[in-house]
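Single-structure report; data block below.
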There are 2 protein chains.
Amino acid sequence: MMELQRQQTPEPRLRNGAFNGQFQPLPAPAPGKLLERCRESQALIERHLPFTRRVLHAGNPVQSARTPFSTLHLVHFGAVKTLVAAADGSSHVAGFHLKGDWVGFDGMISGECACDAYAMDTSEIWSLRYALVLQAAAQVPGLLHALHVAMSGQMAREREWRMALATLPADARLADFLRCWAHWLMQRELRADHVTLRLTRAEIGNYLGMTLETVSRSFSRLALLGLVAFDSKGRRNFAIPDVQALVAFVDARGDS
Amino acid sequence: MMELQRQQTPEPRLRNGAFNGQFQPLPAPAPGKLLERCRESQALIERHLPFTRRVLHAGNPVQSARTPFSTLHLVHFGAVKTLVAAADGSSHVAGFHLKGDWVGFDGMISGECACDAYAMDTSEIWSLRYALVLQAAAQVPGLLHALHVAMSGQMAREREWRMALATLPADARLADFLRCWAHWLMQRELRADHVTLRLTRAEIGNYLGMTLETVSRSFSRLALLGLVAFDSKGRRNFAIPDVQALVAFVDARGDS
DNA sequence: CGATGTGTTGACCGGGTTCAAACAATGTGG
DNA sequence: CCACATTGTTTGAACCCGGTCAACACATCG
C-alpha cells in the first residue's frame, strides 16, 4: 500500500512550495473570500467549542461507515477522501474534502455515517460533537451560519460535479478535476506547479465516471496540449503551467 | 498528541477498472419514516415560526436566480424543479424537490439564489425567512436538527445521482429516475400506477446527462421489458407495474 | 388548415469501453 | 545483489453504446 510509506518531510506545505520558477507565477494568488471565511469560522469554533485535534497521515481513517453519527470533522489542513462501499465489495469515491471542508454531514440523515473517510495526506482534523455544536449554536449564531454555508457549499459542489458528468466529455472532465485542485492550491496561497495527486488513475476515473484507461489517455492528451506538464518524478507528479488555459479548455468542453 | 503509528487497517483500494460496483439504492427506504419525519418538522415549523403559504400552479416561479438570499422554501405538497442558467443562455435542470424537500439552500454559500425554481404542478410552498429560522433555532433545537437532516438528505441524494451518472448506462439511469418518482408516490401513500411526469424528454435527458432521443429510446425499451406501461392518454402518462422489478433492473445496471 | 412543439424511430459515426500486451516503479525473499 | 511478484501506468486494436442528423407521427392551438 503506497500510502503507508512514512513521510520524510512532515510538512507538505514546504514540499509543494518548492521554488524552481521556470513556470509563470500564477495570475493572482487569490487569497479569496473563501480562505478568509474559512479562517473566521475556525476562529469561532476555537473560541466557543470543545473539539479534538488529530494529525493523521495518508491512509489513516477519519470516520468509518456504519458507525453511529455523533461528530462532524473539519479539515484544518490536508485532504480527505470519502468512499462508499457497494454490495459487491468494490467501493466508489464519494468525494474529496480539502482545507476548510467538513466531513460527516452525510450521517445526519440516517443517523449513521454513510461513508468511510481517509486522510489522503498529512492532515489535521478537528472533530466536533454534533450535539455540542447545536448547543453552542444557540449562543453563537455566526457559528451556525458558518456551518450552513459549509453545507450549502458542499451541496453546490456536488451538484456542479453532477452537471459536469452530464455535459463534459472525458478530456474536459479531467481538466475540470485538475482545475479544482489547482484552485485549491491557489486558495492556500501556493503555486499550481508541482501538484502531487495521491490518487490512482482508477480512483480518478471512478470519481469522474470513466475508466482508468481513459483517464490515462486524457492525461496524455492534456500533456500534449501543454495544459499539464509531467514531472520526471513519476506520473502522479505534474505541474499546471497555466490555470487560465485549463479553465478555457473546460469552458470550451474540450474543443480545442 | 501526534499519532505517528501506522494504521493497521489499510484503506480499501479500488480494483483495477472498478467502476462496476453498484451504488446502493437507499438501504430500506422506510416508506413511513420519512413521511413521519416530514410531518414532525412541519408541525415544529407551524408552531414556532412565522411563514407564508403560497399555492402555486405549474410554471409559477418559487424563487429567481441572482436575487439576494433571504428565505428558504419548504414544499408542503406538489413538486418544484430548479434550473441553473448557463453562460450561453441554455439552462440545465439542477434538481427536483418534492413534498417535504426544501428549496433555497444553494443561496447560502454566495448570498444570492443560484437557480430559478418553478412549480411543476399545483403545489403549496411554505416560505420562511432564514434569519427567523436561525432565531427560532436557538429556542427549538429540534427545528434546527430537522433542517440539518433535510440538508443532509439533499446532499446525499445529489451524491447518489452523481454516482448514478458515473456508473449507470442510459436505460438503467432512466429506470433509476423513475424509481425515484415511484418511491416518492409511495411515500405519499399513493400507487405507482398512473404516473404523470410533467417533464419533456429533453428535460429528463438534460437532468440525466443524455439526449432526448436516448431518453425516448430507453423509455421504449423499458416499456418492451414491461417495466413501465404506457397509458393511452399520452407518452407522459404511464404506470409502473412492479417497482421491485425496476429496482432489480437498476441494480443489474440494465443487464437483463 | 398550417404552425408549432413534442415524441418516436432509423442510419450513421465517433468517443469511450473492453480486452490485451507491455512497461515502470516498488517491494520481497533468496 | 538479482529474480520475481505486485501494483500502477501507458498504449494499441476492436467493438459498441450513445450522440448526431434526419424523417416522420401526433398533439394542441392560432
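Worth saying up front: this structure is predicted, and the values here are computed from it rather than measured. All chains are named by letter (A, B, ...) in the order of the sequence lines, taking the proteins before the strands, and each is independently numbered beginning at 1.
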Legend entry - Interatomic distance, A/M210 CE vs D/dG18 C1' [rounded to whole Å]: 17 Å
Legend entry - Aromatic ring pairing A/Y207/A/W161, orientation class (parallel under 30°, perpendicular over 60°, tilted between): perpendicular
Legend entry - DNA chain D-proximal residues of residues 212-230 of chain B, any heavy atom under 4.0 Å: B/E213, B/T214, B/R217
Inset, instruction - Select base, sugar-phosphate, or nothing to describe what A/G254 touches, counting heavy atoms under 4.0 Å on all strands. - result: nothing
Inset, instruction - Indicate yes or no: at least one non-hydrogen side-chain atom of A/L174 is less than 4.5 angstrom from one of A/I204. - result: yes
Legend entry - Gap between atoms CG and C1', on B/L199 and C/dG5 respectively (whole Å): 16 Å
Legend entry - Nucleotide C/dG5, atom P - distance to CZ of B/R235 in whole Å: 18 Å
Legend entry - Pair A/T214-A/T211, side-chain donor/acceptor within less than 3.5 Å: yes
Legend entry - Under-4.0 Å side-chain N/O to phosphate OP1/OP2 contact, B/R236 with C/dT6: no
Legend entry - Atom-to-atom span, CG of B/D255 to C1' of D/dC17 - whole angstrom: 12 Å
Legend entry - Spacing between A/D231 atom CG and D/dT9 atom C1', to the nearest angstrom: 16 Å
Legend entry - Whole-Å distance separating the CG atom of B/N237 from the C1' atom of C/dT6: 14 Å
Inset, instruction - Answer yes or no: is there a side-chain heavy-atom contact under 4.5 Å between B/D106 and B/C115? - result: yes
Inset, instruction - Report the C-alpha separation of B/R173 and B/D176 in whole Å, then their side-chain angles, then the decisive distance to 0.1 Å, and conclude whether the salt bridge (Lys or Arg N to Asp or Glu O under 4.0 Å) test is met. - result: CA-CA 5 Å; B/R173 233 181 270 182; B/D176 203 22; over 6 Å; no
Legend entry - Atom pair distance, as rounded to whole Å: CG in B/L174 and P in C/dT8: 11 Å
Legend entry - Euclidean distance, atom CG of residue A/L168 to atom P of C/dG16 [Å, nearest integer]: 11 Å
Inset, instruction - On the 0 to 90° scale, with breaks at 30° and 60°, tag the B/F177-B/W181 ring pair as parallel, tilted or perpendicular. - result: perpendicular
Legend entry - Parallel, tilted or perpendicular: rings of B/F230 and B/F238 (30°, 60°): perpendicular
Legend entry - N or O in side chain of A/R201 less than 4.0 angstrom from D/dT7 OP1/OP2: no
Legend entry - Residue B/T200, side-chain heavy atoms: nucleotide from D/dT10, D/dT20, C/dT6 that is nearest: C/dT6
Legend entry - Closest to the B/A170 side chain, choosing from C/dT8, D/dG18, D/dT9: D/dG18
